[in-house]
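Notes follow once the structure below has been shown.
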Number of protein chains: 4
Amino acid sequence: MAKATDGDTAPVPQRLLAAATRLFAEQGYDRTSVQEIVEAAGVTKGALYHYFGSKEDLLQEVYARVLRLQQERLDAFADADAPVEQRLRDAAADVVVTTIENLDDASIFFRSMHHLSPEKNKQVRVERRRYHERFRALVEEGQHSGVFSTATPADLIVDYHFGSVHHLSTWYRPDGPLSQQEVADHLADLLLRALRP
Amino acid sequence: MAKATDGDTAPVPQRLLAAATRLFAEQGYDRTSVQEIVEAAGVTKGALYHYFGSKEDLLQEVYARVLRLQQERLDAFADADAPVEQRLRDAAADVVVTTIENLDDASIFFRSMHHLSPEKNKQVRVERRRYHERFRALVEEGQHSGVFSTATPADLIVDYHFGSVHHLSTWYRPDGPLSQQEVADHLADLLLRALRP
Amino acid sequence: MAKATDGDTAPVPQRLLAAATRLFAEQGYDRTSVQEIVEAAGVTKGALYHYFGSKEDLLQEVYARVLRLQQERLDAFADADAPVEQRLRDAAADVVVTTIENLDDASIFFRSMHHLSPEKNKQVRVERRRYHERFRALVEEGQHSGVFSTATPADLIVDYHFGSVHHLSTWYRPDGPLSQQEVADHLADLLLRALRP
Amino acid sequence: MAKATDGDTAPVPQRLLAAATRLFAEQGYDRTSVQEIVEAAGVTKGALYHYFGSKEDLLQEVYARVLRLQQERLDAFADADAPVEQRLRDAAADVVVTTIENLDDASIFFRSMHHLSPEKNKQVRVERRRYHERFRALVEEGQHSGVFSTATPADLIVDYHFGSVHHLSTWYRPDGPLSQQEVADHLADLLLRALRP
DNA sequence: TATGAATGAGAATTCATTCAT
DNA sequence: AATGAATGAATTCTCATTCAT
């Protein structure tokens, strides 16, 4: 009977997650009440607490989804069979596109991480770290093979790039002058240009 | 009689602002109660509401202070008597140092702006815009005079750099391997390298 | 299981309404705190806000109840099969008795109506108007058929009578010299006497 | 220098009293803050507390003024040299005109009396009683001399009439179809007609 | 699997009043 | 005569969560 992912007929947990994602992005985690979420999802509070242990669990689920997706894509690009400068450029551009396509998740990610309890926060940080290190490894690979400048520590370069990705949710508008792909190309280009020896 | 800026003797509004800044940065705006602020400042709630119309006003005051400071510094560097690549590098490095020196304000700025009411938000955006445009003008000046590449739109370059500044509050630690100045130099360097024709 | 209207066993909304009615009448709407109401009803604040959107909603419910009751009774007397002077007298006396029997509601009604928000106030006024007009129609009927004097506009006569009803909560005491019925008969009599041609 | 009673130049206590009267009538006593009063009067809180011991004192002053005025006028009409039916009619009409002319005071009087502390309340009640009794004496004089019906106790007749006076603040509008004097004549007429033997 | 009534702690804000100057 | 900073208690309302059904 269910056909879409969002409508009235999607499984309850998905509907709750979709509603929570939208509301957290629009209003922030603290400003979104459990009541609003269940109303938006068309269920009752009891149902929410049947599937999720707490409001915080919902937030963590949003994170887990984003992290999983981005790690998968990074791994795919990094493991490709191509010169390192190509692989870095592709990965750098892809994370921009993926982030723009899931701007809600990104807003939540960067604005609400500190709302998680210490233990859950730690768990997320560990996964983030893994992602960061995979990306850094690409930079270092290019530095060791001499195609990238070694003037800047690789860690800092990763943070430089992810700063701009993080920032997207602040300024990017779908109806702006640049398409997703153009923004991605420009940002990847800036990264690669900065890395020229 | 008052000599310090923070102690028991500083004027009440300053003490409130200092306490609020610290707590907003540590816990986030929504998670910080008015009660906590007044306790930290050693005054009563009535006193707070005597000087500030609302909790939100306190937040706006923090913003106003940061914006004023950063605009002043940018103007000074941008108006200096030096080649444009030097002026851009100095401004780009200075905003990093200033941000690190006021990491609390920066965290609040980037994480809590969406907590302001629409009208106050607009006001802050207007001032942010002015700052952004002054910075962009520097980039464009270099592009027109041929010392910077024109491959990337100036607006995007400004957002690229400020993404990394914004991001500082996420990863920079005073006890990390790099000093403030080193980070600033590296980030300014990356910007200038990316702009090489 | 529930048998009384007030005890520990009555449904929570009724208990809240009963407590609020008594306290609003005794102390006035503004002087009665939500805390007092829930304590008197033996429930918690959360329960109150589960059933009523606001303190004001509670007040409006009190109004709605009174208005419904009085309109029903007026309609019954006005539509009866009797000479107009008899129907007016019965209606005029009945509203006195009903008001005395619900003196709390009446006090609240006349003293606290201006505490309602504009929109709710309007809604109450509309219902009041309907009541006023039904009563006025009775007076006019008698005037047209010649049994009542036309010296005074019917509207004014209605306000004259309701002034005295309104006033009851100021002076009527159950232990005073006159019974409810005696007061009602006297006031209806005064009205009819004033209307003699 | 001072020429009006209301402007910027009137003595401070008068200005406070005028501002308080207007605000109490518009918003109710409880809804009017001391801050609003002093702002409307163009002075500071300290000044208010210099002249009045409390917010309640301000309210009592408004009462005292009304009571004094109405008692004076009633005494004048009641002591006149005319037949009792003329004196009653004049007094009954005059209180209507005076009430309409001071509709703010009247609203406050009838709506806020229960806001006074028990002792002040008692004091006001005593003066009200004196007024009521002077009026009742007029009715009784007419009843004893046979020009008024004795069907209704004099006390009730006084309350009947004052109910309608009280009610004026609910329905009377200066831009309505009837002038002050017309309303006064009609209401006095109704009273006298009801008293016909 | 889901409901919805009920909890209880805590939120921001208001306000009459005081008092040193 | 008048100021205005400061108090502290009270106010309405919100909300994540629980639990009997």
* **Aromatic ring pairing His166(D)/Phe110(D), orientation class (parallel under 30°, perpendicular over 60°, tilted between)** => parallel
* Structure fact -> Scanning all shown strands, the Watson-Crick or wobble mate of dT21(F) with both distances under 3.5 Å is dA2(E)
* To do: Using the six-membered ring of Tyr29(A), assess whether NZ or CZ of Lys55(A) lies under 6.0 Å from its centre and within 45 degrees of the ring axis.
  => yes
* Could you check if a side-chain atom of Val38(B) sits within less than 4.5 angstrom of a side-chain atom of Val43(B), using non-hydrogen atoms only? => yes
* Can you give one letter per nucleotide of nucleotides 13-21 of chain E, going 5' to 3': B for a protein heavy atom under 4.0 Å from the base, S for sugar-phosphate only, - for none? -> BBSSBB---
* Leu16(B) has an atom CG; how far is it from atom P of dT7(F), in whole Å? -> 10 Å
* With sequence neighbours excluded, what pairs up with Gln60(B) under the side-chain contact (heavy atoms from CB on, under 4.5 Å) test? -> Leu116(B), Lys120(B), Gln123(B)
* Asked: Whole Å only: how far is the CG atom of Leu59(B) from the C1' atom of dA12(E)?
  -> 15 Å
* How close do Ala19(C) and Ile37(C) get, heavy atom to heavy atom, and via which atoms? -> CB-O, 3.9 Å
* Residue met sooner reading DNA chain E from 5', once Val12(A) and Ala47(C) are mapped to nucleotides -> Val12(A)
* Watson-Crick/G-U partner (both atom distances under 3.5 Å) of dG10(E) -> dC13(F)
* Asked: Is His50(C) near enough to dA6(E) that one of its side-chain N or O atoms lies under 4.0 angstrom from OP1 or OP2?
  -> no
* Whole-Å distance between dA5(E) P and Gln14(C) CD? -> 14 Å
* Given side chains that start at C-beta, do those of Arg111(C) and His114(D) come closer than 4.5 Å, heavy atoms only? -> yes
* Structure fact -> Rounded to whole Å, the CD-P distance (Glu39(A) to dA16(F)) equals 12 Å
* Structure fact -> Comparing nearest nucleotides in DNA chain F, the 5'-proximal residue of the pair Val43(D), Tyr51(B) is Val43(D)
* Structure fact -> Separation of dT14(F) atom C1' from Gln27(A) atom CD, nearest Å, is 14 Å
